[in-house]
*Asks:* 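Here it is: the structure, laid out below.
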Amino acid sequence: MKRYSFALLLVASTSLTCVNVSNSGQQFLVITPVLDSMFVGDTLAPRTVYILDTDGSQHPPGHVHWTVSPSSVATIDSSGRVAGIGKGTAVVVATVGTASSGAVVAVSKPLDLNLLLDTVFVMPGDTITIPRSIKQKTPGPTTLAFDSSSAPSVITIDTLTGLVTAHGTGGPIKYRARLSNGTTSTAESSFVAVLTLTNTTEMGRFFMTAFGSAVRHQGGSAWARNYVRLNGKQAFQLRDTIANSVTIDEKIVITLPDSVIVTGTSEIDSISPAQATTMISQESPVCQPHFPWALWFSSLPTPPIQAYSHGTPTSQVAGQLIITQYAPAVGGGAIISGRYQFTAQRTDLYDDPLGSEIIRGTFVAPLITDQTGCGG
């Protein structure tokens, strides 16, 4: 079961994240597009590289030195042309003098299957079909099948639909899907772990993926609380966190304006950076939330990434949080399980479509009632 598998951070085409190439702080090295995709065996034209003044003027960069990593995914020639070698995600870096900027290239096989959650956490009684995506270089019919469970007392898997049903504590149990177009086949694996918590002092668990100009596949501890808002009513917050002994490395925070006392689905709305950081008490998105919202924060690598839930131009809805089980805990509180998916916009790329991230996760978490107020 993966915890930290791989983390990619891009330096993208905006003055907030591009690398300064001037001692005066007035010029930045830009590479674009910052996110691209290709199939194994194909090539991509060189990324565009230029020097950007703060007044918006673009200048030729001069000689560019190109590198790509890992070489098992892609290679690059001296002109910047990228060749797809194997399935995965690679970072292309353009260096001019002492300044560098990067871009992400996702490489797929001609027939490719991706399970979008490396690990799933559930409680006994939960059901889930692991989200997946299929890519084909040549369109045509395909068949998708699933291996039966190696531990049917823990989980069973419908071999036609991929539906997982959790029965007993255990795991992680491998979940394998197989895709075929009649001549070529491919397979992908994920894992399912079934947790049973009895009281709110036990540690919950989560696993999340993020995909966009930054990529994450990792998991850690999960907990939730119903807490007192400024108006005396209760709100809800889920926190999925990865931390070292000193700082938080990664976190997902989902806040609802009402408490969670039953199972159900809640929409996650858009929130702007200005709304998220307001210090006016009556407008605080934590102390007095008026709508549901979510945050993804990552401190690895530096500089940190911060991304807030962000819908489309025509809809404020960015995603949803689903509570699949709500079980009273020994001594008070509850144990909850569920999943979430939402689109988030990076604050350093807030006006750039390439700053969009898709966040997915599953969790089993203790839920406490916090009477200390919104700052707990």
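The structure displayed is predicted, hence computed values, not measured ones.
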*Asks:* Do the non-hydrogen side-chain atoms of Gln320 and Phe342 ever get within less than 4.5 Å of each other?
*Replies:*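 No; the side chains remain at least 4.5 Å from each other.
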*Asks:* Tell me if a side-chain donor or acceptor on Thr324 pairs with a main-chain N or O of Ser337 at a distance below 3.5 Å.
*Replies:*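 Side chain of Thr324 to backbone of Ser337: a pair is present.
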*Asks:* To check you understand the geometry: which heavy-atom pair defines the closest contact between Arg132 and Leu115, and what is its length?
*Replies:*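 Shortest heavy-atom separation between Arg132 and Leu115 comes out as CB-CD2, 3.8 Å.
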*Asks:* Strictly by ring-ring contact (aromatic ring centres under 6.0 Å, His included), give each pair with a member in residues 168-187 just once, sequence neighbours left out.
*Replies:*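 As it turns out, the ring-ring contact (aromatic ring centres under 6.0 Å, His included) pairs with a partner in residues 168-187, which skip direct neighbours, are Phe146-Tyr175.
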*Asks:* Assess whether side chain to side chain donor-acceptor pair (under 3.5 Å) is satisfied between Gln325 and Asp126, documenting all intermediate values.
*Replies:* CA-CA 7 Å; Gln325 287 203 61; Asp126 277 334; 3.1 Å; yes
*Asks:* Any idea which heavy atoms bring Tyr308 and Thr277 closest together, and the distance?
*Replies:*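 Shortest heavy-atom contact: OH-CG2, 4.1 Å.
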*Asks:* List the residues meeting side chain to side chain donor-acceptor pair (under 3.5 Å) with Thr196, not counting sequence neighbours, and say none if there are none.
*Replies:*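 Here the qualifying residues are Thr169.
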*Asks:* Please list every donor-acceptor pair under 3.5 Å in which a side-chain atom of residues 147-164 meets a protein atom from a residue at least two apart or in another chain.
*Replies:*
residue: Asp147; atom: OD1; partner: Arg178; partner atom: NE; Å: 2.9
residue: Asp147; atom: OD2; partner: Arg178; partner atom: NH2; Å: 3.0
residue: Ser149; atom: OG; partner: Ala151; partner atom: N; Å: 3.0
residue: Ser149; atom: OG; partner: Ala151; partner atom: O; Å: 3.3
residue: Ser149; atom: OG; partner: Ile155; partner atom: O; Å: 2.7
residue: Thr156; atom: OG1; partner: His167; partner atom: NE2; Å: 2.9
residue: Asp158; atom: OD1; partner: Leu160; partner atom: N; Å: 2.8
residue: Asp158; atom: OD1; partner: Thr161; partner atom: N; Å: 3.1
residue: Thr161; atom: OG1; partner: Leu163; partner atom: N; Å: 3.2

*Asks:* Ring pair (Phe, Tyr, Trp, His ring centres under 6.0 Å), that's the test. Do Phe207 and His217 meet it? Break it down for me.
*Replies:* CA-CA 8 Å; Phe207 197 96; His217 301 264; 7.5 Å; no
*Asks:* Between Thr347 and Pro273, which heavy-atom pair has the shortest distance, and what is it?
*Replies:*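 Where Thr347 meets Pro273 most closely, the heavy atoms are CG2-CG, 3.9 Å.
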*Asks:* Write down the atom of Val260, the atom of Tyr326, and the distance for their closest heavy-atom approach.
*Replies:*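 Answer, listing the atom of Val260 first, then Tyr326: O-CE1, 3.6 Å.
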*Asks:* Evaluate the side chain to side chain donor-acceptor pair (under 3.5 Å) criterion for residues Thr362 and Arg339: first the C-alpha distance (whole Å), next the side-chain angles of each, then the deciding distance (0.1 Å), finally the verdict.
*Replies:* CA-CA 4 Å; Thr362 61; Arg339 65 201 70 153; over 6 Å; no
*Asks:* Just wondering, more than 12 heavy atoms not from Ile261 lying within 6.0 Å of its CD1?
*Replies:*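 Not more than 12 within 6.0 Å, no.
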*Asks:* Assess whether a salt bridge exists between Lys137 and Asp42, defined as any Lys/Arg side-chain N lying under 4.0 Å from an Asp/Glu carboxylate O.
*Replies:*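 Looking at Lys137 and Asp42, the cut-off is met.
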*Asks:* Is the closest basic N to carboxylate O distance between Lys87 and Glu188 below 4.0 Å?
*Replies:*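 Yes, this pair counts.
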